[in-house]
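See structure below.
The analysis underlying the following values was restricted to heavy atoms, covering all of them including side chains, and did not include hydrogens, waters or symmetry mates. We're numbering straight along the sequence, starting at 1.
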Amino acid sequence: MPNYAVVDLGSNTIRLVVYEVKHAHERTFTNKDFKSLINDKVMAGLSAYVVDGVFTQDGIDRAISVLRGHAKRARYFNCEKMEVFATAVIRNAKNCDEAVIAIEEGAGLPISLLSAQDEAHLGFVGATCDRTVVRGTLVDIGGGSTELTRVEHDRDFDNASLGQGSLSSFAQHVRGILPTGDEMDAIAAALRTRLAALPRPDAYRTDTLFGIGGSVRAAAKMHAQATGATSRPKTMTKKEIHAILTWCRTDPDAFAHTALKASAERIHTLVPGCVILLELFDAFGAERLDVCKYGVREGYLIERMLR
């Protein structure tokens, strides 16, 4: 069975996943048609290398270094294809084109730059490869942006991107490691402004959110750690997200100790991600969040590499 390598060049992490694919020439794919052989994540924090909207040379060098390491690891799996895609941190930079060329030349790898609509759509393709979503709103809280997709009858519509994610919120609004109450309020206010600028904000109103990405998984891990659960929940409620944020406001020291156990590498982005998530709950009138296992990487594999 052939192997395919996907590298997600994100705002917070650069992740390599090598998939073993059973039937590489099918017309449709589900999660039963592939499995991951390696899932290697590097917390590169590329959003921190954006200064006045420009992706700096230090950021380019950091991306090149990580990509070279991922390419070396992927070679051990004799992959049929290896592809790299980049998202908000590069897409939103003023020097986007120059940064892509520099990284491609330095790493020796071509880069597919996803548009905001591409990213949201591929998140939908990945999220629905193991489930049927009749109706709801899919949210992907990344490091540098938050993607929204309205789902009706198992199809995606109104794919949109908000230029605010968990890491960019941390970088712009937080002075320490955990945000203060005022800093949480500032993150929330910034997101509300972006939501109000959407062409059709009411299109996303729903009872149920479907969440993908590291920030959603980190929130689920934090809830599991706080409640003593043996595994992260597949479903969370608005009340549970609110409880996480209230705990951070009222007892930040105890919160930090638990957060380190739940998701140490995301301790600085956990709370900003939860603030964004709670604002989405409020804005869209939702009460429930289903945590999806798959997302943009699987969508890219299915739609860009296999189909």
- request: Taking atom types as modelled, find out whether T149 and N159 have a side-chain donor-acceptor pair closer than 3.5 angstrom.
  value: yes

query: Does T128 offer a backbone N or O that forms a donor-acceptor pair with the side chain of T132 under 3.5 Å?
result: no

task: Could you check if a side-chain atom of L191 sits within less than 4.5 angstrom of a side-chain atom of V275, using non-hydrogen atoms only?
output: no

task: Determine, for R91 against E119, whether the closest basic-nitrogen to carboxylate-oxygen distance falls under 4.0 angstrom.
output: yes

Ion pair check, D282 and K238, cut-off under 4.0 Å: yes

query: Out of E20, K22, M1, E298, which one pairs with F34 under the side chain to side chain contact (heavy atoms under 4.5 Å, CB included) rule?
result: E298

field: Pairwise side-chain contact, L280 with L195, heavy-atom cut-off 4.5 Å (strictly under)
entry: yes

- request: Over all heavy atoms of both residues, which pair between M236 and A220 is shortest? Give the atoms and the distance, please.
  value: SD-CA, 3.5 Å

Presence of salt bridge, D290 and K234, under 4.0 angstrom: no

query: Any side-chain heavy atom of H121 within less than 4.5 Å of one from D118?
result: no

G165 backbone acceptor or donor facing S145 side chain under 3.5 Å: no

field: Test item: L9 and L46 side chains (from C-beta on) under 4.5 Å apart, heavy atoms
entry: yes

- prompt: Under 3.5 Å, is there a donor-acceptor pair between the S168 and S47 side chains?
  reply: no

- line: Nearest heavy-atom contact between I212 and C292 is CG2-CB, 3.6 Å

query: Can any side-chain N or O of R135 pair as donor or acceptor with the backbone N or O of T208 at less than 3.5 Å?
result: no

task: For the pair E83 and R304, find out whether any cationic side-chain nitrogen is under 4.0 Å from an anionic carboxylate oxygen.
output: no

task: Identify the heavy atoms of V296 and G123 that sit nearest to each other, and give their distance.
output: CG2-CA, 3.8 Å

task: Report whether L109 and Y76 are members of the same hydrophobic cluster (ILVMFWY, side-chain heavy atoms less than 4.5 Å apart, transitive linking).
output: yes

message: Salt bridge check, R249 against D185: does any charged N sit closer than 4.0 Å to a carboxylate O?
response: yes

task: Answer yes or no: is there an ion pair linking R297 with D8, defined by an N-O contact shorter than 4.0 Å?
output: yes

query: Does the ring center of Y4 lie less than 6.0 Å from the ring center of Y19?
result: no

- prompt: Is there side-chain contact between V174 and H268, with at least one heavy-atom pair below 4.5 Å?
  reply: no

- prompt: Quick one: are V21 and L306 in side-chain contact, heavy atoms under 4.5 Å?
  reply: yes

message: S161: which residues meet the side-chain hydrogen bond (donor to acceptor under 3.5 Å, both in side chains) condition with it, sequence neighbours left out?
response: E147

- prompt: With no hydrogens and no angle check, is any side-chain donor or acceptor of K221 less than 3.5 Å from a backbone partner on K261?
  reply: no

task: Look at E265 together with K41 and state whether they make a salt bridge at an N to O cut-off of under 4.0 Å.
output: yes

- request: Please indicate whether L260 has more than 12 foreign heavy atoms, meaning atoms of other residues, nucleotides or ligands, lying under 6.0 Å from its CG.
  value: yes

query: Can you tell me if CZ on F157 sees more than 12 non-hydrogen neighbours from other groups inside 6.0 Å?
result: yes

query: Hey, is the main chain of G273 close enough, under 3.5 Å, to the side chain of S166 for a donor-acceptor pair?
result: no

field: F284 side, atom CZ; T137 side, atom OG1 - distance, nearest 0.5 Å
entry: 6.0 Å

T30 backbone acceptor or donor facing D33 side chain under 3.5 Å: yes

- request: Could you check S169 against Q164 for side-chain hydrogen bond (donor to acceptor under 3.5 Å, both in side chains), going step by step and ending with a plain yes or no?
  value: CA-CA 6 Å; S169 293; Q164 182 178 347; 3.1 Å; yes

query: Closest heavy-atom contact between A256 and I267?
result: O-CD1, 3.8 Å

task: Give the C-alpha distance, both sets of side-chain angles, the deciding distance and a yes or no for side chain to side chain contact (heavy atoms under 4.5 Å, CB included) between T180 and M184.
output: CA-CA 6 Å; T180 64; M184 289 187 217; over 6 Å; no

message: Between H70 and I14 (side chain of the first, backbone of the second, donor and acceptor by atom type, cut-off under 3.5 Å), is there such a pair?
response: yes

task: Test F281 against every option in T237, V139, L289 by the side chain to side chain contact (heavy atoms under 4.5 Å, CB included) rule and name the one that passes.
output: L289

task: Please report the closest heavy-atom contact between L178 and E183, naming both atoms and the distance.
output: O-OE1, 4.1 Å

- request: Compare all side-chain heavy atoms of F55 with those of I103 and state whether any distance is below 4.5 angstrom.
  value: yes

Shortest non-hydrogen separation from L16 to A5 and the atoms involved: CD1-CB, 4.0 Å

query: Within a strict 4.5 Å, meaning less than it, do heavy atoms of the L148 and L138 side chains meet?
result: no

task: For the pair S263 (side chain) and A259 (backbone), establish whether a donor and an acceptor sit closer than 3.5 Å, ignoring hydrogens and angles.
output: no

- request: Kindly assign one of parallel, tilted or perpendicular to the pair F255 and W247, based on the angle between their ring planes and the thresholds 30° and 60°.
  value: perpendicular

Residues D130 and K293 bridged, charged N to O under 4.0 Å: no

